[in-house]
Amino acid sequence: MPNTTLVPLLADGEFHSGQALADALGLSRTAIWKQLNRLQSLGLEVESVKGRGYRIPGGIELLDQSRTRDRLEPHARQLLHELQLLETVDSTNAEVLRRIAAGSAPGLVCSAEQQTAGRGRRGRQWVSPFARNIYLSLCWEYHQGATALEGLSLAVGVAVVRALRGLGVDGLQLKWPNDVLAQGAKLGGVLLEMAGDAAGRCQVVIGVGINVAMPPAAANTIDQAWIDLTRLCDGSPPGRNALLAALLNELLPLAASFGDTGFAPWRAPWIALDAYADTPVVLHSGEQRQAGVARGVDERGALLLETTTGVQPVYGGEISLRAAS
Ligand code: BTN
């Protein structure tokens, strides 16, 4: 685990001299210099100015238990069993799956400053630099088997949009099955993973990633059109603890009620946010391509694709959707 004890001292964005940092941590100047190098390797920009010291330009807001919990609504607070905030982890989804394997974990939420092996859909990597974005996984348990959970990942997309809207972020849309888009680019993604019995008692891990302030170096490794809240909010994105709390205020009640409600109450809100409604699209599944016109989703969350042979439902999995060029 990288040693980031320096980060809270630099989080304010002000200059701190090497000596002041060394004194505050009881370390030598050389040890401070080594830590500063490590922060750069985490992708954190640390500016060094002769005579003034070091700073993180613009500062950063670290994840914080009380700053998140204080913003939770009473219902979400009741549903939250544990809030695990980590500095670094391979993947918050993987961490929650490990916790499930070690014993049941409903109501467990895990978020981290950094993921070293963030997972995206269809085996892709999710770029997860330190202290810049939101990486969140939440576990809930269901007893009705996997079929009762159809449409859950789409409902999660709607819940994410509602959370962001509540913080004043407008102009969001969803791309089937659950990409969160703004200005036609990807702002966030949802990855559901399951453990347990697909026909009975199972645990679902709801993983959500939101780009808040993607640093340019990390952005270079993203292989699709992306956007972050900083650009979307003209340089003033919501704080990460406020964002985490807003997401939990929507996601915990959704997770807790979905076993009873299913996708039905989420279908119309999803359709209202559909970025590809009545648009010519091509579905990609491995080497296969299928062209058609997207006609919203059915009551199970399947994409309705109109082709020359009529309208067919298309189920998720490894399929991706692109606008027809
Ligand atoms: C996608 O490809 O659109 C899904 C991205 C999901 C990313 C989130 S970040 C938190 C959680 N942990 C992971 O490893 N992935 C999900």
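Every number for a ligand or one of its atoms is a count from 1 in the order of the listing.
- Of all atoms in ligand 1, numbered sequentially from 1 with element shown, those under 4.0 Å from a heavy atom of T92 are 10 (C), 11 (C), 12 (N).
- T307 and Q312 are linked by a side-chain donor-acceptor pair at a separation below 3.5 angstrom, with hydrogens and angles left out of the test.
- The shortest separation from a heavy atom of Q115 to ligand 1 is under 4.0 Å, placing the residue in contact.
- Here the straight-line distance linking atom CG of L254 with atom CG of N249 works out to 12.5 Å at 0.5 Å rounding.
- Remark: minimum distance from atom 6 (C) of ligand 1 to any protein heavy atom is reached at R119 O, 3.6 Å.
- At least one N or O atom of S91 sits closer than 3.5 Å to an N or O atom of ligand 1.
- Side-chain N/O atoms of Q114 and T88 include a donor and acceptor closer than 3.5 Å.
- Counted by atom type alone, Y276 and D274 present zero donor-acceptor pairs between their side chains at under 3.5 Å.
- Under 3.5 Å, the side chains of T68 and D70 contain no donor-acceptor pair of N or O atoms.
- Atoms CG and CG, on L248 and L83 in that order, are 7.0 Å from each other to the nearest 0.5 Å.
- With ligand atoms numbered from 1 in the order given, ligand 1 contributes 1 (C), 2 (O), 4 (C) to contacts under 4.0 Å with heavy atoms of R121.
- Under 4.0 angstrom from ligand 1, there are no non-hydrogen atoms of R124.
- Ion pair R132/E113 not flagged as a salt bridge, since none of the NZ, NE, NH1 or NH2 atoms sits closer than 4.0 Å to an Asp/Glu carboxylate oxygen.
- Counting heavy atoms under 4.0 Å from ligand 1, residue V208 touches it through the backbone alone.
- In the vicinity of K186, heavy-atom distances shorter than 4.0 Å reach the ligand 1 atoms 1 (C), 2 (O), 3 (O).
- To the nearest 0.5 Å, the span separating OG on S48 from CD on Q40 amounts to 8.5 Å.
- Atom numbering of ligand 1 starts at 1 in the shown order; those under 4.0 Å from a heavy atom of G118 are 14 (O).
- The contact set between ligand 1 and V190, taken as ligand atoms under 4.0 Å from a residue heavy atom, comprises 3 (O), 4 (C).
- Using a 4.0 Å cut-off to heavy atoms of W126, the atoms of ligand 1 that qualify are 1 (C), 3 (O), 5 (C), 7 (C), 9 (S).
- Using a 4.0 Å heavy-atom cutoff, R122 is absent from the residues neighbouring ligand 1.
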